[in-house]
Each structure stands twice: as structure tokens, then as C-alpha cells.
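Here is the structure we will look at.
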Amino acid sequence: MSENKLTEEELDSVVEQGVHNYSSEENWVKPEDPLLLEQLEWFKDQKLGLMMHWGPYSQLGLVESWALSDKDEEWSRNEIDWDIDAEELKRQYFDLNKTFNPLRFQPDLWADLAAENGFKYLNFTTKHHDGFCMWDTHTTDYRVTGPDCPFHTHKYADITKQLFNAFRAKGLGISAYFSKADWHTPYYWTPGMQPGTSTSRGPTYDPKEYPWLWEQFVQFTHEQIMELMTNYGRIDVLWLDAGWVNDYRDQNIRLGEVVEKARKIQPWLLSADRTVGGPYENLITPEQTLPERALNVPWESCITMGSAFSFRYEDNYKSVRQLIHLLIEIVAKGGNLALNVGPQPDGRISKTAISRIQGMGAWLKVHGEAIYGTRICEPFSVGNVQFTKKDDTIYAFYLYKDEHEAVQEELHLPLQTDFTSIDLVGGQDKLEYRRTENGVIVQLPEAEHQTKAPIAHVFRIR
């Protein structure tokens with residue numbers, strides 16, 4: 001951790017309009033533990049994860065948590081269209097647990113959908129900033145199994161346990177999203193600690209002035225994390241949100257202490273302490289974006305299938321072509337895609353989201369060899385051509401922006417490496433090609449340029 005204190009402006013820039021910045025490659029600290037290094041290689045093999053933001057807020061179809069922060073009202077409350085003041089909004093929001101009853105929740109169907117369509121791990125929001133726990137915690141009644149939540153009597157009431165078990169049974173990895181901030185607990189947003197009722201991202205008091213109160217929050221947080229790490233089976237990644245909670249702002253929750261305690265139980269556990277840097281940010285997490293260039297450290301872009309992380313009653317979903325292109329470019333730059341789908345308040349995934357997942361799966365069934373288990377390969381990403389590599393095999397992706405784009409008889413690949421053969425993945429082997437000063441010209445089979453443009457032509461080069 002840096003000894004320099006960040007300015008207020010720099011701290012605010014950690015998150016802008018709910019979107020987190022991401023750490024630089026230079027701030028990444030390579031673990032020394034061989035087991036963690038092995039787990040990082042496992043993580044880099046996976047390439048595609050299913051991220052899910054789900055909680056009582058899904059009933060409103062609004063942004064998760066952020067409307068509770070008065071400091072963020074300008075952007076987080078722009079969809080609040082009923083007559084309500086800030087304090088009543090917060091009261092109504094915090095009371096959403098009393099109506100959250102996802103009776104149509106079918107965890108096995110979610111797991112089947114993900115596993116059958118090429119997703120390799122789940123990243124699930126066990127708790128967002130609003131403090132509502134999607135597991136059977138004993139630290140608070142503000143939980144899905146709490147007496148005020150009508151779902152608490154359901155056989156699937158412990159949603160986190162049901163999802164982790166279902167996805168793990170299908171061979172998928174588990175990444176547990178956990179917000180370090182908690183806007184519901186009185187140990188963080190403590191009533192009466194400041195004039196008025198205004199709220200912002202941080203605690204309502206100065207931890208330096210009230211160290212005993214802050215210590216209660218630290219212990220509360222540690223206990224919640226350890227519940228997840230102890231009672232919920234194998235966890236591959238502890239994915240930590242709320243980067244403003246760190247020792248730069250005197251919001252030191254002694255994260256290293258609890259992570260090392262968790263690793264006594266789960267020694268392979270990766271920690272993703274987003275935007276903080278240092279030894280507990282084992283992977284970098286760009287949000288709603290991807291780096292301009294390839295990175296030589298483990299990273300994962302979390303990107304929404306629609307316009308938002310939480311469920312929207314009406315949303316604009318990315319097409320299968322857009323999603324596959326995103327995945328290809330991310331993998332070519334050395335990362336994973338954590339594709340976010342916001343489940344409906346009734347416990348279902350929307351039909352549109354299911355169709356996109358199945359469309360991705362159909363493409364991956366044919367072309368997945370060029371995605372999974374690959375590593376970066378120069379020249380990485382050049383215009384609409386992307387590259388990956390697995391052992392001695394190079395894969396080249398020639399992307400088409402839409403189905404109406406003309407498919408040329410010959411395609412140029414900017415590749416200077418020596419090789420002896422080019423095959424079309426999912427198509428003809430031993431394609432004709434010739435070398436040029438700028439790379440390779442590949443001759444497409446006649447059938448390929450007499451149809452609509454595919455999502456991509458994928459070449460196997462050996």
C-alpha cells in the first residue's frame with residue numbers, strides 16, 4: 001500500500017457514476033505462493049464467466065444500491081419517476097427486503113444454461129453496497145433468510161448456497177462478489193453521527209475519531225467474509241467491491257488479515273481487491289470497458305449484456321455478434337469476460353438473455369478451441385483481426401461487423417510468424433495462402449464468401 005494519502009478528488013474518481021476505474025498493470029503484485037500462481041493460470045484458462053447482480057432492488061428495475069447515496073443522486077436517481085423525497089426513497093429502498101419473493105428461482109436451470117453454453121465460472125453478488133445479504137448470515141437480519149423476507153421459508157431461501165452448489169456441481173468455478181462497504185449496518189452508516197441525514201459512499205463518521213465503532217465494522221465484515229469462506233464450499237475468487245474502503249482513506253478493514261485467515265481454509269483463494277492495488281488485488285477488473293492494449297497480468301472485464309448490472313424491465317441487449325466480438329477482443333488482450341446478466345425479481349432469467357447465452361454457446365461449441373486455455377499472441381489485436389495462442393498453435397479471428405459486410409475471397413492476416421498450415425476452424429483444412437511483406441493472404445473456400453458474413457472467420461495456424 002502507498003504511504004501517500006489520496007486527495008478527495010482522487011478518491012471520488014475510484015468510482016464515477018457507479019463504474020469503477022481499474023488498477024494499472026504496473027501496480028499488480030505477483031503472488032509468491034506457488035498454489036496461488038497455479039490458481040491464476042487456472043483463472044486465465046477460463047475466459048468466460050457469468051456475473052449476476054441480484055437482490056431486492058431488482059423489483060424496482062433501477063440501479064443497484066447507488067440511489068441510497070445522496071452524493072451520487074445526480075446520476076443514480078435519474079430514473080426515479082415517482083413523487084418521493086430522498087429520505088422516503090431510502091426508507092422504501094431498505095424495505096424492499098419485505099417484498100422480495102423470487103418464487104420462480106431455479107438454480108439448477110441457471111447452472112445448466114451456463115454450463116451448456118460455454119461459461120466456466122459464476123461471479124455472484126452475495127452482498128452489494130446496500131448491505132442486503134443473499135446468504136444465511138448470522139450477523140444481521142437484513143438477509144434473504146431473515147424473518148422480514150417472505151422468501152425465507154422457501155426451500156431455496158439461501159440463494160448463495162443454492163447457486164454455488166448448483167454451479168459447482170456442473171464443474172464451474174465460483175467467484176464470490178462482496179461489497180466492503182455496507183450502507184445498512186449501523187457500524188458504517190451510523191445514525192446521528194453527523195448533522196442532517198445526508199449520505200455518501202463512506203461511513204457517516206471519521207474512523208480515526210471513533211476507532212471503537214470502526215472496529216465493530218471491521219469485525220462485522222470479517223465475520224461475514226469468513227461465513228462465506230467457511231460454510232459455502234470451495235470458493236475460487238473473493239471478488240471485493242467498493243474500492244474506497246481501504247487504508248488510503250483510513251477505512252482500513254485489515255483485508256490482508258481476513259484473506260490470510262480464509263486461505264488457511266481455502267489455500268487456493270484468489271483475492272480481487274478492486275482498484276486498490278497491492279498483494280490482495282490478484283486480478284485487475286476493468287468495468288464496462290476493456291484495456292486498449294494487451295496486459296501481461298491476470299484481468300477480467302465485467303461487462304453487462306444489457307445496459308445495466310441490475311435487472312431492467314425494458315433493456316437494450318447486445319447482440320450475439322457484439323458479445324462474441326467482445327469476448328474475442330478481451331481474450332486476445334489476455335483477459336476474461338465476466339458477462340453480467342441481471343435476473344428478474346421473480347427468480348427467472350429473461351428470455352432475451354437466455355437467447356443471447358444460447359447464441360454464444362452455439363458459436364463456442366464450434367470455435368471454443370481458439371478461446372479457452374489460450375494466451376496472448378503478438379500482434380494481439382489489429383483492427384478487426386485478433387490473435388490468441390495455445391502451445392504451438394496460433395488462432396486468428398477475422399471479425400465481421402454485421403452479416404451484410406462483404407466477405408472477400410482473400411483475407412489479410414497481419415502475422416509474421418513462421419508456420420506450415422492454415423485451417424478454418426469449423427470448416428476446411430489446409431487452406432491456400434501466400435506470404436506478403438505485411439503478413440499473410442489466406443484464400444477462403446468458395447462456399448465461405450457466397451453466404452452472409454459470419455460472426456468471425458477463425459483460423460488455426462500451425
Side-chain angles (χ1 to χ4, degrees), residues 11 14-15 18 55-57 59-60 63-73 76-77 84-100 125-152 160 176-229 240-255 257-258:
L11 286 161
V14 167
V15 182
Y57 48 79
Q59 297 169 92
L60 293 180
V63 64
E64 65 289 343
S65 298
W66 285 100
L68 292 168
S69 169
D70 291 319
K71 185 165 185 175
D72 293 281
E73 66 175 322
S76 68
R77 298 176 187 169
I84 189 172
D85 64 26
E87 293 315 299
E88 179 63 14
L89 167 65
K90 294 172 198 174
R91 188 192 67 77
Q92 290 184 7
Y93 183 106
F94 281 129
D95 279 350
L96 287 170
N97 67 313
K98 298 174 182 176
T99 52
F100 186 54
T125 48
T126 65
K127 183 183 78 168
H128 207 263
H129 313 327
D130 61 11
F132 185 80
C133 298
M134 296 288 278
W135 81 96
D136 187 28
T137 180
H138 298 286
T139 61
T140 176
D141 280 343
Y142 199 57
R143 64 184 193 271
V144 72
T145 55
D148 288 343
C149 183
F151 196 60
H152 82 274
T160 293
Y177 171 112
F178 180 89
S179 171
K180 295 179 293 181
D182 189 314
W183 296 342
H184 184 268
T185 179
Y187 305 140
Y188 196 78
W189 275 6
T190 308
M193 295 297 288
Q194 59 187 21
T197 57
S198 179
T199 52
S200 62
R201 299 167 191 166
T204 57
Y205 60 93
D206 185 340
K208 294 193 303 296
E209 294 183 15
Y210 298 91
W212 58 270
L213 184 54
W214 182 253
E215 182 60 25
Q216 285 183 283
F217 178 66
V218 172
Q219 293 303 322
F220 170 83
T221 304
H222 283 206
E223 188 172 349
Q224 287 195 336
I225 289 174
M226 289 309 299
E227 283 180 340
L228 292 167
M229 297 299 107
L240 297 154
D241 209 351
W244 61 89
V245 180
N246 62 63
D247 67 351
Y248 303 134
R249 184 177 260 187
D250 299 310
Q251 291 189 51
N252 184 3
I253 60 169
R254 304 198 302 276
L255 180 67
E257 179 182 311
V258 71

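Heavy atoms only: backbone and side chains are in, while hydrogens, waters and symmetry mates are out.
Between Tyr210 and Trp212, the angle of the ring planes goes over 60°, which puts this pair in the perpendicular group of the 30/60° scheme. Between Tyr142 and Phe132, the ring-plane angle classifies as perpendicular under the 30° and 60° cut-offs.
Annotation: the span from Thr137 atom OG1 to Ile225 atom CD1 amounts to 11.5 Å, rounded to 0.5 Å. To the nearest 0.5 Å, atom CG of residue Asp182 and atom CZ of residue Phe217 are 6.0 Å apart. We find the CZ-CH2 distance between Arg201 and Trp189 to be 11.0 Å, quoted to the nearest 0.5 Å. Summarising the geometry, atom CG belonging to Asp148 is positioned 14.0 Å from atom CZ belonging to Phe94; distances are rounded to the nearest 0.5 Å. Put simply, CD on Glu73 and CG on Leu89 are 10.0 Å apart, with the number rounded to the nearest 0.5 Å. Atoms CG and CG, on Leu240 and Leu255 in that order, are 5.5 Å from each other to the nearest 0.5 Å.
Counting all heavy atoms, side chain and backbone alike, Val63 lies closest to Ala67 at CG1-N, 4.4 Å. What you find for Trp244 and Gln251 is that their closest heavy atoms are O-NE2, 3.7 Å. Annotation for His128 and Tyr177: closest pair CD2-OH, 2.9 Å, computed over non-hydrogen atoms. Across every non-hydrogen atom of Arg254 and His222, the tightest pair is O-NE2, 3.4 Å. The two atoms that bring Ser179 and Ala181 nearest to each other are OG-O, 2.8 Å, heavy atoms only. Summarising the geometry of Ala86 relative to Arg77, their closest heavy-atom pair is CB-NH1, 3.5 Å, with the distance given to 0.1 Å.
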Would Thr160 and Leu228 count as a side chain to side chain contact (heavy atoms under 4.5 Å, CB included) if you check the C-alpha gap in whole Å, the side-chain angles of each, and the deciding distance to 0.1 Å?
CA-CA 9 Å; Thr160 293; Leu228 292 167; 4.3 Å; yes
Can Ile253 and Phe220 be said to form a side chain to side chain contact (heavy atoms under 4.5 Å, CB included), step by step?
CA-CA 10 Å; Ile253 60 169; Phe220 170 83; over 6 Å; no
Going through the checks in order, is the side chain to side chain contact (heavy atoms under 4.5 Å, CB included) test met by Thr140 and Thr185?
CA-CA 8 Å; Thr140 176; Thr185 179; over 6 Å; no
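Side-chain contact between Met134 and Thr125 is absent, with no heavy-atom pair separated by less than 4.5 Å. Residues Ser65 and Trp183 have side chains in contact (heavy-atom distance under 4.5 Å, counting atoms from C-beta outward). Between Lys127 and Trp135 there is a side-chain heavy-atom pair separated by less than 4.5 Å. The side-chain heavy atoms of Tyr187 and Trp214, taken from C-beta on, include no pair separated by under 4.5 Å. Contact of the Phe151 side chain with the Thr145 side chain is not registered, since no non-hydrogen atoms from C-beta on lie closer than 4.5 Å. The side-chain heavy atoms of Glu64 and Asp130, taken from C-beta on, include no pair separated by under 4.5 Å. A 4.5 Å side-chain heavy-atom check between Lys98 and Cys149 finds every atom pair outside the cut-off. No side-chain heavy atom of Val258 sits less than 4.5 Å from a side-chain heavy atom of Thr221.
The pair Asp241-Lys180 does not count as a salt bridge, with every side-chain nitrogen at least 4.0 angstrom from each carboxylate oxygen.
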Donor-acceptor contacts, no H, no angles, side chain residues 193-200, under 3.5 Å, sequence neighbours left out:
from	atom 1	to	atom 2	distance (Å)
Gln194	NE2	Ser198	O	2.5
Thr197	OG1	Glu87	OE2	3.0
Thr199	OG1	Leu68	O	2.7
Thr199	OG1	Asp70	N	3.1
Thr199	OG1	Asp70	OD2	3.2
Thr199	OG1	Lys90	NZ	3.2

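Looking only at distances, a side-chain donor or acceptor of Asp85 sits under 3.5 Å from a matching main-chain atom of Glu88. In this structure a side-chain-to-backbone donor-acceptor pair under 3.5 Å is present from Asn246 to Gly243.
Listed by chain and number, the residues in a side-chain hydrogen bond (donor to acceptor under 3.5 Å, both in side chains) with Asp141 are Arg143 (sequence neighbours excluded). Residues meeting the side chain to side chain contact (heavy atoms under 4.5 Å, CB included) test with Ala176, sequence neighbours left out: Thr126, Phe164, Ile235.
At a cut-off of 3.5 Å, with distance as the only test, a side-chain donor of Gln59 or Thr99 sits close to an acceptor on the other residue. With hydrogens and angles left out, the side-chain atoms of Glu223 and Gln219 include no donor and acceptor closer than 3.5 Å.
Aromatic pair His129/Trp66: ring centres closer than 6.0 Å.
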